[in-house]
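Everything quoted here is computed from the prediction, not taken from an experiment. In this chain, residues are counted from 1 in sequence order.
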Amino acid sequence: MRKVCYILFVICLTLSNNAFAYTVVIDPGHGGRDVGALGRVSKEKDINLKVALALGQLIKNHYNDVNVIYTRSTDKFVELDERARIANQKKADLFISIHTNSTAAGQKGTSVHGTETYTLGMHRAADNLAVAKRENSVITLESNYEEKYEGFDPKSSESYIIFELMQDNYMRQSVNLAKLIQSQFKSHAGRVNKGVYQAGFLVLRNTTMPSVLVELGYINNTNEEAFLNSADGVAKMSRSIFNAFRNYRGK
């Protein structure tokens, strides 16, 4: 009897796994000892995780056929190459990395505000390169990062030349999703749309599916920090990304 029950359990589990027609990997940026950008009262890693979990729950609530996977669901450190490996191993159809911005100097009380969404590509503007350098600097917390990332120096502009030579097979889909996200940030959450950009983010480099990196707002802007840490802010930002995902998928 136990053997029969076990066989039935395995069959049900297999059918359940096969029921997923689509896989989304949600990547809350930073975590653990990598706190990310700092605000007056909060840390980037915590904002990213709250919005990521809320986004995943929205997708689960509305789609029975979508498998939601997080690169982290708690406050833990995950190396950049591991985040991409998770997405590739799970054969994800979409990769969404969630971050919170900060001005380069990180000064408190900045007047800079608004949302941005990035795809992998050439960074022709100095500001784009600065953001990529800041987000990529997390690899210096990893052991033997120079060997692992083949000599890549996150602080050196020369290291980013490789991205000029890379061809992203999923660029069109990635840009399409990025535009939808930015549109929803403006229409649903009432945020300032700073646009869609391309930059050399390591977390996007090794993913083999359409991928975007979202910057929710500026943590060192007092008003935006307060909004992103509020329940209303988390709900509106996660719902905005969800609305964009729904429009992107087309159903």
Could you walk me through whether Arg249 and Val66 pass the side chain to side chain contact (heavy atoms under 4.5 Å, CB included) check? CA-CA 11 Å; Arg249 197 172 178 220; Val66 175; 3.3 Å; yes
One pair to check against side chain to side chain contact (heavy atoms under 4.5 Å, CB included): Ile47 and Asn229. What are the steps and the verdict? CA-CA 6 Å; Ile47 295 174; Asn229 278 283; 3.6 Å; yes
Evaluate Tyr118 against His99 for side chain to side chain contact (heavy atoms under 4.5 Å, CB included), listing each step before the verdict. CA-CA 11 Å; Tyr118 287 84; His99 291 255; over 6 Å; no
Applying side chain to side chain contact (heavy atoms under 4.5 Å, CB included) to Ile26 and Ile241, what does each step give before you reach the verdict? CA-CA 11 Å; Ile26 302 175; Ile241 302 174; over 6 Å; no
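With sequence neighbours excluded, the residues that form a side chain to side chain contact (heavy atoms under 4.5 Å, CB included) with Lys186 are Asn193. Scanning for salt bridge (Lys or Arg N to Asp or Glu O under 4.0 Å) contacts around Lys236 gives Asp232, with sequence neighbours left out. Here Thr117 pairs with Gln182 under the side-chain hydrogen bond (donor to acceptor under 3.5 Å, both in side chains) rule; sequence neighbours left out. Listed by chain and number, the residues in a side-chain hydrogen bond (donor to acceptor under 3.5 Å, both in side chains) with Ser238 amount to none (sequence neighbours excluded). Partners of Ser73 according to the side chain to side chain contact (heavy atoms under 4.5 Å, CB included) rule, which considers only residues two or more places apart in sequence or in another chain, are Leu53, Tyr70. Residues passing the side-chain hydrogen bond (donor to acceptor under 3.5 Å, both in side chains) test with Asn223, sequence neighbours excluded: none. Judged as a side chain to side chain contact (heavy atoms under 4.5 Å, CB included), and not counting sequence neighbours, the contacts of Asn176 are Leu180, Tyr248. When the salt bridge (Lys or Arg N to Asp or Glu O under 4.0 Å) test is applied to Arg85, the partners found at least two apart in sequence or on another chain are Glu82. The salt bridge (Lys or Arg N to Asp or Glu O under 4.0 Å) check on Glu224 picks up Arg191, with sequence neighbours excluded. The ring-ring contact (aromatic ring centres under 6.0 Å, His included) check on His62 picks up Phe242, with sequence neighbours excluded. Applying the side-chain hydrogen bond (donor to acceptor under 3.5 Å, both in side chains) test to Lys43 and every residue at least two apart in sequence or in another chain returns nothing.
Of the possible polar contacts, none joining the Arg72 side chain to the Phe77 backbone as a donor-acceptor pair under 3.5 Å is found. Side chain of Asn221 to main chain of Val112: a donor-acceptor pair is present (N/O by atom type, distance under 3.5 Å, no hydrogens or angles). Side-chain N or O atoms of Asn101 include none that pairs as donor or acceptor with a backbone N or O of Glu215 at under 3.5 Å. Side-chain atoms of Arg83 come within 3.5 Å of backbone N or O of Pro28 as a donor-acceptor pair. The closest donor-acceptor contact from the side chain of Glu44 to the backbone of His30 lies at 3.5 Å or more, if one exists at all. Ser174 places no side-chain N or O within donor-acceptor distance of the main-chain N or O of Pro210, the cut-off being under 3.5 Å.
Shown here for Val78 and Thr71, the closest heavy-atom pair between the two residues is CG2-O, 3.7 Å. Taking all atoms of both residues into account, the shortest heavy-atom contact from Ala52 to Ile98 is CA-CD1, 3.7 Å. Closest approach of Gly32 and Lys45 over heavy atoms only: O-NZ, 2.9 Å. Considering every non-hydrogen atom in both Ala178 and Thr119, the closest pair reads CB-CG2, 4.1 Å.
In this structure, CG in Asn61 is found 9.5 Å from CG in Asn64, a value given to the nearest 0.5 Å. Here the CG atom belonging to Asn88 is positioned 3.5 Å from the OG1 atom belonging to Thr208, to the nearest 0.5 angstrom. Between the OH atom of Tyr170 and the CG atom of Leu120 there is a distance of 13.0 Å, given to the nearest 0.5 Å. Taking CG from Asn48 and CG from Leu216, the interatomic distance works out to 6.5 Å, rounded to the nearest 0.5 Å. Tyr63 contributes atom OH, which lies 9.5 Å from atom OH of Tyr22 (distance to the nearest 0.5 angstrom). Taking OG1 of Thr23 as the reference point, atom NZ of Lys90 lies at 9.0 Å (rounded to 0.5 Å).
A single hydrophobic cluster is seen to contain both Tyr197 and Leu204, as judged by linkage of ILVMFWY side chains at heavy-atom distances under 4.5 Å, directly or through other members. In the hydrophobic clustering of ILVMFWY residues, with side-chain heavy atoms under 4.5 Å counting as a link, Val212 and Leu58 come out together. Side-chain heavy atoms closer than 4.5 Å link hydrophobic residues (I, L, V, M, F, W, Y) into clusters, and following such links, possibly through other members, connects Val214 to Phe227.
Considering only heavy atoms from C-beta on, Thr103 comes within 4.5 Å of Asn220 through its side chain. Residues Phe185 and Glu116 have side chains not in contact (no heavy-atom distance under 4.5 Å, counting atoms from C-beta outward). Gln184 is not listed as a side-chain neighbour of Thr115, based on a closest heavy-atom distance of 4.5 Å or more. Looking at Leu94 and Phe245, their side chains come closer than 4.5 Å, going by heavy atoms from C-beta outward.
Within the structure, no pair that satisfies the salt bridge (charged side-chain N to carboxylate O under 4.0 Å, His left out) test touches residues 91-103, not counting sequence neighbours.
Within a 6.0 Å sphere centred on NZ of Lys60, heavy atoms belonging to other residues, nucleotides or ligands number more than 12.
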